[in-house]
Amino acid sequence: MATVDIREVRKAFGTTQILHGVSVGIEDGQFVVLVGPSGCGKSTLLRMLAGLENITGGEIAIGGRVVNNVPPKDRDIAMVFQNYALYPHMTVFQNMAFSMKLAGAPKEVMEREVQKAAKILGLEQLLHRFPRQLSGGQRQRVAMGRAIVRNPQVFLFDEPLSNLDAKLRVQMRSEIKELHQRLKVTTVYVTHDQIEAMTMADLIVVMNHGRIEQAGAPLELYDRPANLFVAGFIGSPAMNMMEGRIADGHFAGPGGAAWPLPANGHAPPAGEVIYGIRPEHLRLDPDGIPATVQLVEPTGSETQVLLRIGEANVSGAFRERVSARPGDVLPVSPDPGLVHLFDKKTGQRI
Amino acid sequence: MSVTAAERWIRPAKQQSALVRLFDNKAFLIIACLLPAIGLLGVFLTYPLGLGVWLAFTDTTIGRRGVFVGLENFEFLFEDPIFWNAVFYSVFYTSVATVGKFALGLWLALLLNNHLPMKSLLRAIILLPWIVPTVLSAIAFWWIYDPQFSIISWVLIETGIRETNVDFINTAWPARWSLIAANIWRGIPFVAISLLAGLQTISPSLYEAAMLDGASAWQRFRYVTFPMLLPILAIVMTFSIIFTFTDFQLVYAITRGGPVNSTHLLATLAFQRGIPGGQLGEGAAIAVSMIPFLVFATLFSYFALARRKWQQGESND
């Protein structure tokens, strides 16, 4: 188990800059999720951590030791690949024991360690099978088993659930989290799925265009997104954003609607802003802002309603059942404690 | 004007002609579609093969229809040292050339699988020996091996390594090795390109996983590349063995089986006895005697190498 320090790391392929100076401090035993849209550099950062890509600038230290020039096998890390990268010509047992075989471990040790990992993952019955005879979830478990057997200081996961169907993804998500709680090994996990990030992480690092937009605990990112990108990326359904200005102690939004300002004490300066409110923080309120219903999507546990206020589309998610029909007027109001304001020019939180 | 349902065009129920009904008949269709293929195979494959086998049991010569003589041709061949010499050289030629082709071809394929500058140009150049007509390259080798004008002799003498011309094809063993070298040169592209195709199907993430597992470059080859290449290796090897064992053009164009019959392959010996020698029955018997060797080689590489449990169908035993 070890800390991981990523200091001002840069990466360029030829003249194309992929990472522009990224710094993250990971504590011992932490579960860190790198999340961002595709092409943001998160997988590249993970591969640099693994030693599969050269580091153009900056430093990466694992357990206090700078590993820039350390080959992958000496970094004491284990990685789970997106396509699992199981050796197709080896059985599950041979796949999991491969690293020990290369290190010249005696047969009893190999047997013992593989059995131990297989027990953790429920693979005991499958040890003599070949990867092609396994289901997607089982292959995923074998890939994790191969990592566990190595007993590494850091686990790296590169979008490990993206090849699974939705139901299995939810199941494996909790299995990975449980595994982490059990083994308490520092873990870096890359995904583009913000729900995976929210549910699994101790620390989420949101990346975009090779830069870190914000790093913090999941609920911190949800409650206080630092900028428009994070506000739009974290949370599902996505946050409503409305352009407008601050005047007379309220926000004048599309269609002339007057929205209450955040109830956090200090009054924001007057001027052009972007007003953010999450769909689940809108309430049905007879005295609220009148909105025209466009679409009603009941999911059972909640009802998602697409509303139109002025020229803006605003979505709301309500716990109560809404019997409105398209064309009806439904007055809504935001929870003033849960409103976000962003600078229109810089996109930063005010 | 709106189109009402009554105005819609309705397909008239027409009485179909006899021809149309014939083509709707499944049995007729099957026969009609298979007939050209069966005809081609029958005329150009089965008939010559059958005729060859039949001739091997007759005493046919050119200009005289033979009669059935049973195993007489084979009995004669079994006591013919030249035939046994050709059997030996065919096996030797095939084994040494196959080993050489695969060692060099695999090495080339591994090189070409790396990121090299001008990769596609290099790959195109590699293919050259294979796309040149064999007889043409054989003539080139004939010159390279010429006792007087050999370029290799010339270079060796000019650089002072040797004082006399090299004897390439005028005594038995040098001639045998020279032909094998020419065959290897010609066979490498086929092996290299086929194996390169096999190499490119191996996912790079397997190498990355092996690298993280602590495998050295040799171990990555030994435990990842080689086992995953085995199926395609087996198929390419089967083809290569068949092509080499039945080789004719190189040997016939360079040495014609000489000196003193020492470089005869079964194919060249069969041709020489059958066509210039006129003994069609005996030539056919030599050709037929190649069949057991080829069947054995094919079965061996197919069963020993090609079938792997990890790539077989959906068995969940």
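A, B, ... follow the sequence lines: proteins, then strands. Residue 1 opens every chain. Any value given below was found using the heavy atoms of this structure, including those in side chains, with hydrogens, waters and symmetry copies removed. What you see is a predicted model, and the numbers here were worked out from it, not measured in a lab.
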Exercise. Kindly check if the number of other-residue, nucleotide or ligand heavy atoms within 6.0 Å of OH (B/Tyr207) is above 12?
Key: yes
Quiz prompt | Heavy atoms of other groups near A/Gln181 CD, more than 12 under 6.0 Å | solution = yes
Self-check item: Listed partners of B/Phe248 passing ring pair (Phe, Tyr, Trp, His ring centres under 6.0 Å), at least two apart
Solution: B/Tyr252, B/Phe271
Quiz item: ring pair (Phe, Tyr, Trp, His ring centres under 6.0 Å) with A/Phe13: which residues, sequence neighbours excluded?
Solution: none
Quiz item: Any chance CD of A/Glu27 has more than 12 other-residue heavy atoms, nucleotides or ligands included, within less than 6.0 Å?
Solution: no
Self-check item: Residues of residues 100-113 of chain A contacting chain B, heavy-atom criterion under 4.5 Å, by residue number
Solution: A/Lys101, A/Leu102
Exercise. Answer yes or no: does atom NZ of B/Lys119 have more than 12 heavy-atom neighbours from other residues, nucleotides or ligands under 6.0 Å?
Key: yes
Quiz prompt | Contact residues of residues 70-87 of chain A (partner chain B; heavy-atom separation under 4.5 angstrom) | solution = A/Pro72, A/Lys73, A/Ile77, A/Met79, A/Phe81, A/Asn83, A/Ala85, A/Leu86, A/Tyr87
Exercise. Evaluate the side-chain proximity of B/Leu230 to A/His89: yes if any heavy-atom separation is below 4.5 Å, no if none is.
Key: no
Quiz item: Can you name the closest pair of heavy atoms from B/Leu212 and A/Ala50 and give their distance?
Solution: CD2-O, 3.7 Å
Quiz item: Does any heavy atom of chain A fall under 4.5 Å from the side chain of B/Gln219, the backbone, both, or neither of them?
Solution: side chain
Quiz item: B/Tyr223 versus chain A, heavy atoms under 4.5 Å apart: side chain, backbone, both or neither?
Solution: both
